[in-house]
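Structure first, then comments.
The structure displayed is predicted, hence computed values, not measured ones. Letters go in sequence order (proteins before strands), and every chain restarts at 1.
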Amino acid sequence: MKMKSYDHKKIEKKWQAVWDKKKIYNAKNTQGKKFYGLIEFPYPSGAGLHVGHIRSNTAMDIISRKRRMEGCNVLYPIGWDAFGLPTENYAIKTGIQPAIVTKQNTDTFRRQLKELGFSFDWSREVDTTDPTYYKWTQWIFLQMFKKGLAYKAKTEINWCPKDKIGLANEEAEGGVCDRCGGPVEKKEKEQWMLAITKYADRLDKDLDEVNYLEKIKIQQRNWIGKSEGAEIDFKIKNTPEKITTFTTRADTLYGAFAVILAPEHELVEKLKSQITNWKEVADYINKTAKKTDIERTVEDKDKSGVELKGIKAINPISGEEIPVWIADFILVQYGTGAVFADMHDERDFQFAKKYKLPVHQSIMPLFIDKAHPWVDGKEVVERTAIHAVIRKDNGDILVLYWKGTEEWKKNAPITLLIGGVEKGENLIEAAKREIKEETGFVNLKFIEQLPINTQSRFFAAHKNVNRIANVTCLIFDLINEERVEVDEKETQFHDWKFVSMSKATSDINIPDDIYFLGYLNKPSAFTEEGVLVDSGKYTGILSNEARSKIIKAVGGKVVTKFKLRDWVFSRQRYWGEPIPIIHCDKCGYVPVPEKDLPIKLPKVKSYQPTDNGESPLASISKWVNTKCPKCKGKAKRETDTMPNWAGSSWYYLRYVDSKNKKEFASKKALKYWIGNGVDWYNGGMEHTTLHLLYSRFWHKFLYDMKLVPTKEPYMKRTSHGMILAEDGVKMSKSLGNTVDPKDVVKNFGADTLRTYEMFMGPFDQSVNWSTDSIVGPRRFLERVWKLKYKVSKKKSSKELEKILHKTIKKVGEDIEEMRFNTGVSSMMILVGEMEKSEIIAMGDYKKFLQILSPFAPHITEELWNELGEKKSIHISAWPKFDKKLIIDDEIKIVVQVNGKLKGEIFVNVDANEEYIKAKAFENENVKKTLIGQEIKKVIYVKGRLINIVF
RNA sequence: GCCCAGAUGGCGGAAUUGGUAGACGCGAUGGACUCAAAAUCCAUUGAUGGCAACAUCAUGAGAGUUCGAUUCUCUCUCUGGGCACCA
């Protein structure tokens with residue numbers, strides 16, 4: 001037989017043409033079990049396809065191909081997310097129409113994608129810039145407008161005064177204009193908004209119902225920022241006014257030391273006449289107003305504020321009068337724009353520290369000793385204790401090393417100096433007495449008492465009571481080392497010595513003292529759950545239980561707030577969907593009648609935004625001036641366009657019926673394809689918070705309109721890792737480290753590139769590109785190619801059959817789990833075994849080709865065809881593994897002595913424990929090691945190992 | 001600062017519910033073929049010691065649980081991603 005070498009160029013071209021002609025990858029209309037696999041449709045940039053596109057496309061291609069072979073009616077569609085800035089900027093520079101540039105780019109992308117052999121259904125291709133597509137984007141917007149979800153509001157935009165252009169956030173990073181490098185200003189502009197916040201709660205809650213990767217859910221939840229709390233009113237003394245504050249920690253109310261308002265809060269102006277330092281307050285408000293968002297957050301997070309002198313708020317639970325401040329770290333848009341401050345919040349704590357405001361603790365850290373838990377029914381006895389930090393002038397502190405009994409020596413306590421407080425004694429006296437008794441030191445200077453006491457709860461066995469110990473930490477400096485004699489009975493329990501602070505911190509092993517030293521090293525707010533203190537009748541209650549009780553007691557309202565803001569939907573740009581609204585002086589904002597859709601983008605001479613920041617459309621008076629659809633009077637068109645998140649918010653719906661002229665998709669097609677959502681959607685983590693959330697929002701809206709059958713668009717969402725350049729940084733044109741897939745396809749072939757990208761590393765993690773490593777997968781495919789010369793009509797060996805069936809099982813599972821790298825690896829092992837074998841049965845070789853075919857569709861199709869198959873391998877039935885062949889008759893048992901490997905034995909699968917143990921002891925190496933040792937026990941793990949312990 | 005993910009040979013990475021650490025691939029070294037080179041094939045390849053059998057050490061650092069830890073718990077360091085005064 002003459003050896004024909006593997007010529008990828010010939011094979012790939014040949015089969016791509018055949019697939020195209022026979023349309024084997026086109027989805028059937030609506031019949032049978034369906035699978036809808038989705039990838040994020042690409043933005044067709046001028047640079048052409050990126051190796052990263054290929055990684056994610058191949059992954060979903062493999063899954064789709066497997067489903068097709070499993071008998072599913074598969075929809076794996078593709079399209080173009082073609083509105084966007086790069087194309088527009090290119091048009092500004094060159095004057096070439098964006099539509100023409102887009103056409104060129106999509107042609108390139110289409111050709112490149114076809115060259116990679118993806119099994120897309122090309123008959124359903126969509127393009128967001130095609131008027132027949134964006135007609136429906138506009139239509140959905142109008143439905144939202146009619147439901148009051150689209151509205152106009154003043155917001156700030158990034159404005160470059162030099163270029164006179166509004167900038168997207170990503171063009172204004174760091175407050176610098178992306179184009180000219182000059183500073184960016186804020187400019188107020190009326191913009192269209194979408195009320196996504198109305199869906200915030202559902203967007204959060206319905207995440208429970210979908211199968212997204214946990215990290216995706218977490219990121220979405222963080223972005224939505226649901227927070228359950230309460231609104232609590234503070235009366236203002238001598239006025240009818242009240243301040244409504246928002247808090248999630250109503251349990252800290254007794255500790256409120258001030259009420260703080262956002263500088264923009266409306267009450268400030270109302271209270272003007274009573275504020276005695278108005279000038280100072282007004283200055284601060286002005287200063288804040290001038291700051292940009294960036295300045296307001298960047299300034300090292302240093303807290304600043306001004307007290308509203310003459311104003312007092314009344315704590316609704318304690319009746320205490322507290323001061324009222326304004327501060328710019330309180331955001332007017334969030335919550336109620338007002339808070340009560342307490343020391344159990346990091347920001348409030350810093351604020352109090354800066355302005356030296358008196359604070360008091362309302363929550364104690366609570367330590368429950370799990371080794372000595374409370375015993376039910378025993379008396380609870382509360383006791384006050386002091387823990388003292390005693391410092392020498394070199395900074396060393398005194399630590400007690402308790403003498404444990406032998407068996408619990410390891411866990412003997414190491415503590416600060418500790419002691420009880422006797423009746424009639426104040427804390428400092430008690431501490432000084434204890435220090436003298438236990439160490440003999442008499443000359444100490446009291447420095448401070450830490451503002452946080454702690455509470456410990458444990459069962460005190462020697463007293464037979466449940467103990468509550470409230471602990472105060474006092475700091476002393478040692479004046480000199482003068483000591484008095486210490487009673488022997490004190491020293492029998494512990495030694496003491498001075499050690500450095502860092503040693504003390506690592507040695508000390510009781511939670512109270514660990515907390516105190518931590519606070520001493522770095523004072524910070526205690527913000528966790530604990531037990532209430534100095535809180536009237538709530539003292540002693542756990543914080544999470546006290547919360548609702550206190551809200552109730554002060555008549556607070558339980559509310560939920562979200563970080564999510566409404567979506568700014570206007571862009572002052574040309575290359576986007578025109579917003580289909582007409583401004584009429586008489587009738588206001590009037591929607592364009594549906595029969596007039598789409599509102600097409602007119603041709604313009606210049607794509608440059610206008611000097612006043614309006615879109616280039618504003619300068620085309622012929623287009624702008626129109627008639628009001630309602631009163632037929634003179635009116636103007638909206639000149640803002642939509643962001644490019646618009647078209648991508650619903651594209652997966654259009655794919656199911658992309659040619660429909662009457663609806664965005666027919667009910668029937670939607671019910672069939674979206675009946676349980678898109679089955680599997682893979683995409684990048686970078687789209688988790690914007691695209692994914694936006695499209696879920698649109699989908700929910702369409703669901704409410706009864707236009708789609710499900711609450712959620714995507715049943716399952718996974719993510720891919722990025723491909724970085726060889727040096728581990730992001731690939732970018734400016735760094736000149738990009739890899740052009742064109743060259744790789746030319747030199748190695750699409751099959752090699754696909755296999756390499758699946759093999760290079762775990763799919764969900766980022767990996768560095770390595771051109772050197774591509775030869776591995778290439779050699780693998782060449783070996784696959786050569787195996788055909790071994791194909792025989794005879795049966796393969798039993799061993800080879802077993803490995804084949806194990807591989808079928810593993811590859812199938814790996815594809816489902818997106819562990820493509822180990823799937824490829826197991827096929828490489830199989831090929832190695834096939835090479836060792838004299839012959840391979842025809843049927844076995846074919847089965848192998850079938851499981852390889854999703855990864856390398858061209859070479860497998862060619863070999864399949866050469867073996868006489870008339871139909872495509874890609875519509876053949878996915879091979880099943882034989883369960884009997886998966887099980888080994890002989891298994892390996894590892895023999896260890898004291899956990900160290902000493903040998904291995906081979907036994908029959910159903911050998912019993914006795915036999916295996918006996919055999920293990922026969923091992924020479926084991927015998928040698930065991931000489932003169934007394935065996936304590938033998939551990940047998942079924943089917944795995946034996947560990948002999950002496 | 002907070003949240004998420006990660007750290008394993010020269011490199012990319014494997015490793016079931018805790019059970020032989022380094023599968024598979026790249027690279028490297030030696031050999032075969034060749035006039036020669038490429039390609040291909042064979043062998044070796046974590047470190048240290050030893051002629052060897054083998055022993056010791058090794059999964060970012062330190063502690064803990066366990067007969068046994070890359071895997072579980074705690075503390076810390078570094079890297080990547082996200083959020084950033086959200087009460």
Side-chain angles (χ1 to χ4, degrees), chain A residues 5 213-219 221-223 225-227 229 245-249 252 260 296-303 327-331 333-342 344-348 350-351 410 505-506 514 524 527 561-565 685-686 688-689 721-722 724 726 728 756 759-762 764-777 779-780 782-783 786 819 821-829 831-832 835 892-904 924-925 928 936-950:
Chain A
S5 70
L213 288 182
E214 203 49 40
K215 61 176 174 181
I216 295 175
K217 287 193 188 184
I218 289 169
Q219 234 184 72
R221 288 218 157 95
N222 288 346
W223 185 264
K226 181 174 179 172
S227 126
T245 63
F246 175 67
T247 182
T248 56
R249 290 296 299 268
T252 65
I260 312 180
R296 213 164 143 167
T297 51
V298 155
E299 276 176 8
D300 220 9
K301 304 216 169 154
D302 192 23
K303 304 284 172 289
D328 67 2
F329 73 93
I330 303 301
L331 307 174
Q333 335 70 306
Y334 185 78
T336 58
V339 301
F340 69 80
D342 67 273
H344 299 290
D345 176 276
E346 201 56 55
R347 292 153 307 196
D348 299 348
Q350 297 302 336
F351 190 73
K410 228 162 91 181
T505 310
S506 67
I514 290 170
S524 64
T527 58
K561 304 280 180 190
F562 298 90
K563 284 192 219 173
L564 189 69
R565 309 272 168 85
M685 280 310 281
E686 69 274 21
T688 302
T689 46
M722 267 197 300
L724 304 172
E726 303 219 29
Y756 167 65
F759 181 62
M760 65 198 302
D764 60 337
Q765 280 170 40
S766 52
V767 245
N768 296 5
W769 178 265
S770 164
T771 301
D772 285 347
S773 300
I774 300 172
V775 293
R779 285 175 191 153
F780 165 63
E782 275 170 12
R783 286 157 66 199
K786 283 183 200 153
R819 291 186 307 237
N821 54 333
T822 52
V824 172
S825 147
S826 67
M827 287 189 283
M828 287 174 168
I829 295 168
V831 165
E835 281 170 336
K892 186 160 72 178
I893 304 284
V894 168
V895 184
Q896 295 181 336
V897 176
N898 282 356
K900 288 200 169 141
L901 178 68
K902 291 294 162 190
E904 46 197 37
E924 286 306 318
N925 209 5
K928 214 169 70 188
K936 283 214 190 95
K937 59 174 156 179
V938 179
I939 291 146
Y940 172 61
V941 182
K942 194 161 183 290
R944 286 213 169 270
L945 62 62
I946 284 218
N947 188 13
I948 301 160
V949 183
F950 64 76

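A:Glu726 and A:Thr771 share a donor-acceptor pair across their side chains, judged by distance under 3.5 Å alone.
Of all nucleotides listed (B:rG19, B:rA87, B:rC83), B:rG19 comes nearest to the side chain of A:Ile939. When distances are taken from the side chain of A:Val775 to each of B:rA87, B:rC24, B:rG27, the shortest belongs to B:rG27. Closest to the side chain of A:Val767, out of B:rG12, B:rU56, B:rA87, is B:rG12. In this structure, the nucleotide among B:rC85, B:rG19, B:rA23 sitting nearest to the side chain of A:Ser825 is B:rA23. Of the candidate nucleotides B:rC67, B:rC4, B:rG19, B:rC67 has the atom lying nearest to any side-chain atom of A:Lys937. For A:Leu331, the listed nucleotide lying nearest its side chain is B:rA87; candidates were B:rC26, B:rA87, B:rC24. Checked against B:rU16, B:rC3, B:rG25, the side chain of A:Asn222 finds its nearest nucleotide in B:rC3.
Across all strands shown, the partner of B:rA7 is B:rU77, judged by Watson-Crick or G-U wobble contacts whose two distances both fall under 3.5 Å. B:rU65 is unpaired under the criterion used here, namely a Watson-Crick or G-U wobble arrangement in which both key atom distances are under 3.5 Å. Figure legend. B:rA39 is base-paired to no nucleotide; pairs are counted as Watson-Crick or G-U wobble with both atom distances under 3.5 Å. Across all strands shown, B:rC2 forms a Watson-Crick or G-U wobble pair, both distances under 3.5 Å, with B:rG82. Look at B:rC24: its Watson-Crick or wobble partner, with both distances under 3.5 angstrom, is B:rG12. Remark: B:rG46 base-pairs with B:rC57; criterion is Watson-Crick or G-U wobble with both hydrogen-bond distances under 3.5 Å.
Backbone-only contact: A:Ile218 has heavy atoms under 4.0 Å from sugar-phosphate atoms and none from a base. Contacts of A:Met760 with the nucleic acid, taken as non-hydrogen atoms under 4.0 Å apart, involve only primed sugar atoms and P, OP1 or OP2. Residue contacts for A:Leu945: at a heavy-atom cut-off of 4.0 Å it reaches a base atom on one of the strands shown. As judged by a 4.0 angstrom heavy-atom cut-off over every strand, A:Lys902 is placed among residues touching the sugar-phosphate backbone only. Within 4.0 Å of A:Thr248, counting heavy atoms only, lie sugar-phosphate atoms of the nucleic acid but no base atom. A:Asn947 comes within 4.0 angstrom of a nucleotide base, judged by non-hydrogen atoms across all strands.
When the P atom of B:rA55 is taken as reference, atom CG of A:Asn925 falls 5 Å away, rounded to whole Å. If you measure from atom CD of A:Gln219 to atom P of B:rA84, you get 11 Å, rounded to the nearest angstrom. What separates CD of A:Gln765 from C1' of B:rG82 is a distance of 17 Å, to the nearest Å. In this structure, A:Lys942 atom NZ and B:rG18 atom P are separated by 18 Å, rounded to whole Å. The nearest whole Å value for the distance from the NZ atom in A:Lys936 to the P atom in B:rU66 is 14 Å. Rounded to whole Å, the distance from CZ on A:Phe562 to P on B:rA87 is 12 Å. A:Met685 has its CE atom 9 Å from the C1' atom of B:rA5, to the nearest Å. Rounded to an integer number of Å, the gap from A:Gln896 CD to B:rG68 C1' is 6 Å.
Phosphate proximity of B:rG6 to A:Lys215: absent, as no side-chain N or O sits under 4.0 Å from OP1 or OP2. For B:rC2, the OP1/OP2 oxygens have no side-chain nitrogen or oxygen of A:Lys563 closer than 4.0 Å. One finds a side-chain N or O of A:Arg783 lying less than 4.0 angstrom from the OP1 or OP2 phosphate oxygen of B:rG25. Put simply, A:Asn821 has a side-chain N or O that comes within less than 4.0 Å of OP1 or OP2 on B:rA14. Listed pair A:Ser227 / B:rA87 meets the phosphate criterion, a side-chain N or O lying under 4.0 Å from OP1 or OP2. Here A:Arg779 does not reach the OP1 or OP2 of B:rG25: none of its side-chain N or O atoms lies under 4.0 Å away.
Spacing between B:rU70 and B:rG22 at atom P, rounded to whole Å, works out to 12 Å. As rounded to the nearest Å, B:rU34 and B:rA38 have C1' atoms that lie 10 Å from one another. A distance of about 43 Å separates the P atoms of B:rA69 and B:rG31, rounded to the whole Å. A distance of about 36 Å separates the C1' atoms of B:rA87 and B:rA7, rounded to the whole Å.
Here the side chains of A:Phe340 and A:Asp345 are not in contact, with every heavy-atom distance at 4.5 Å or above. For the pair A:Trp769/A:Tyr756, a side-chain contact is recorded, criterion being any heavy-atom separation below 4.5 Å from C-beta on. Within the 4.5 Å cutoff, the side chain of A:Val894 has no heavy atoms near those of the A:Arg944 side chain.
Residues A:Thr689 and A:Arg819 each lie close to RNA chain B; by heavy-atom proximity, the contact nearer the 5' end of the strand is made by A:Arg819. Of the residues near RNA chain B, A:Glu835 and A:Asp772, the one whose nearest nucleotide (by heavy atom distance) lies more toward the 5' end is A:Asp772.
A:Asn947 pairs with exactly one of A:Lys937, A:Lys900, A:Gln896 by the side chain to side chain contact (heavy atoms under 4.5 Å, CB included) rule, that one being A:Gln896.
Base orientation of B:rG9: syn (glycosidic angle within 90° of 0).
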